[in-house]
Every structure is written in structure tokens, then in C-alpha cells.
Amino acid sequence: KQWYQRRVAITAGRATNPWITDSIIAAVEKKHEMKENWVNSISKKCPEGDTQLHQLFSDYRRTLKAVINFAKKSHSCNRISENINDRKKTWQIINELRGKSIKPMKPSIVIDNKKITDRRIIANEFNKY
């Protein structure tokens, strides 16, 4: 059951993170298995668990983090180089990477189990409070 939930969570992020590949997903799953093996080795006799399993897990985690960071940077560089002649798209990508993308967001609040998006009603409800 846990494996299925993890798999769904990992593949759900693929739409928003196009740099995630099948090999990265497989590596993340292997990392989870390695951690599970190490955690299962923890007992009252050995509260730190098997040190060799912990070292393998730590090294793998560190390497995977480097691979993921490289994949992110590579994807970003490819997107910028594809749009190098279009200044507007290039700056759009740069601002998106900086977290400065403009996302239209309508304010919403739940009042009496109803989702309200009208700014005036929301302001009046806050004033009543």
C-alpha cells in the first residue's frame, strides 16, 4: 500500500515538473527502499540500525540529489536556449524560475459552507467579523 501511494505522489508531480524522468522515479523508489531497509534494521539492541545500510542510503541520497539538481538545471537551460531569440519568453522563463510568475488568483473564502469569490462580499464578511 505504501509503495502505491508513493508511486502516485511521484508521478503526479511529473506534470508540473517535466524534468522528472522514468529513471529519476526509479531512483527515488530505490532510495525509499534503501531507507526502509535501514529503518527496519533499527532495534532495541541497535538503536542506530545497521551502520552500513545507513551509509549506503546516505550516499545514494546525496548522489540522487545531485542528479535531480542537474536535471532541473539542464531542463531550465534547454528551455532558455530554445527561446533565446524571443526576449519575452526568455524573461518569462527566468521570472518563472525565480518564482516571480504572475498567476491570476481569485480570492475565495468559505462562508456557511459556500465558496465565495466576490471581493465585495468577502470584504463585508470580514468587516462583520
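Formation of a donor-acceptor pair under 3.5 Å by the Thr63 side chain with backbone atoms of Asp59 is found in this model. With Thr90 contributing its side chain and Asn83 its backbone, the two residues share a donor-acceptor pair below 3.5 Å. Distance alone, capped at 3.5 Å, is enough to place a donor-acceptor pair between the Trp38 side chain and the Glu48 backbone. One N or O on the side chain of Ser41 and one on the backbone of Asp50 form a donor-acceptor pair closer than 3.5 Å.
Of the inter-residue distances, the one linking Ser58 atom OG with Met34 atom CE reads 9.0 Å to the nearest 0.5 angstrom. Here the straight-line distance linking atom OG of Ser74 with atom NZ of Lys72 works out to 13.0 Å at 0.5 Å rounding. The CG atom of Asn69 sits 6.0 Å away from the NZ atom of Lys73 when rounded to the nearest 0.5 Å. A distance of 6.5 Å separates CD of Glu82 from CG of Asn78, quoted to the nearest 0.5 Å. One distance of note links CD1 of Ile122 with OG1 of Thr117; it measures 6.5 Å at 0.5 Å rounding. Summarising the geometry, atom CD1 belonging to Ile94 is positioned 11.0 Å from atom CD belonging to Gln92; distances are rounded to the nearest 0.5 Å.
For Lys35, the NZ atom counts as loosely surrounded, since its 6.0 Å shell holds 12 or fewer non-hydrogen atoms of other residues, nucleotides or ligands.
Between Arg79 and Glu96, at least one side-chain nitrogen of the basic residue sits less than 4.0 Å from a carboxylate oxygen of the acidic one, meeting the salt-bridge criterion.
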Exercise. Taking it one step at a time, do Ile121 and Asn124 satisfy side-chain contact (heavy atoms from CB on, under 4.5 Å)?
Worked result: CA-CA 5 Å; Ile121 295 172; Asn124 289 334; 5.6 Å; no
Exercise. Given Glu33 and Glu36, is the side-chain contact (heavy atoms from CB on, under 4.5 Å) satisfied, shown in steps?
Worked result: CA-CA 5 Å; Glu33 288 173 13; Glu36 197 171 308; 5.5 Å; no
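Scanning all heavy atoms of the two residues, the minimum distance from Ile42 to Pro47 falls at CG2-O, 3.4 Å.
Both Leu56 and Tyr60 belong to a common hydrophobic cluster when Ile, Leu, Val, Met, Phe, Trp and Tyr are linked at side-chain heavy-atom distances under 4.5 angstrom. Residues Phe126 and Ile116 fall within the same hydrophobic cluster, defined by Ile, Leu, Val, Met, Phe, Trp and Tyr side chains chained together at heavy-atom separations under 4.5 Å. When hydrophobic clusters are built by joining Ile, Leu, Val, Met, Phe, Trp and Tyr residues whose side-chain heavy atoms come closer than 4.5 Å, directly or via intermediates, Leu64 is not grouped with Phe70.
Side-chain contact between Phe57 and Asn37 is absent, with no heavy-atom pair separated by less than 4.5 Å.
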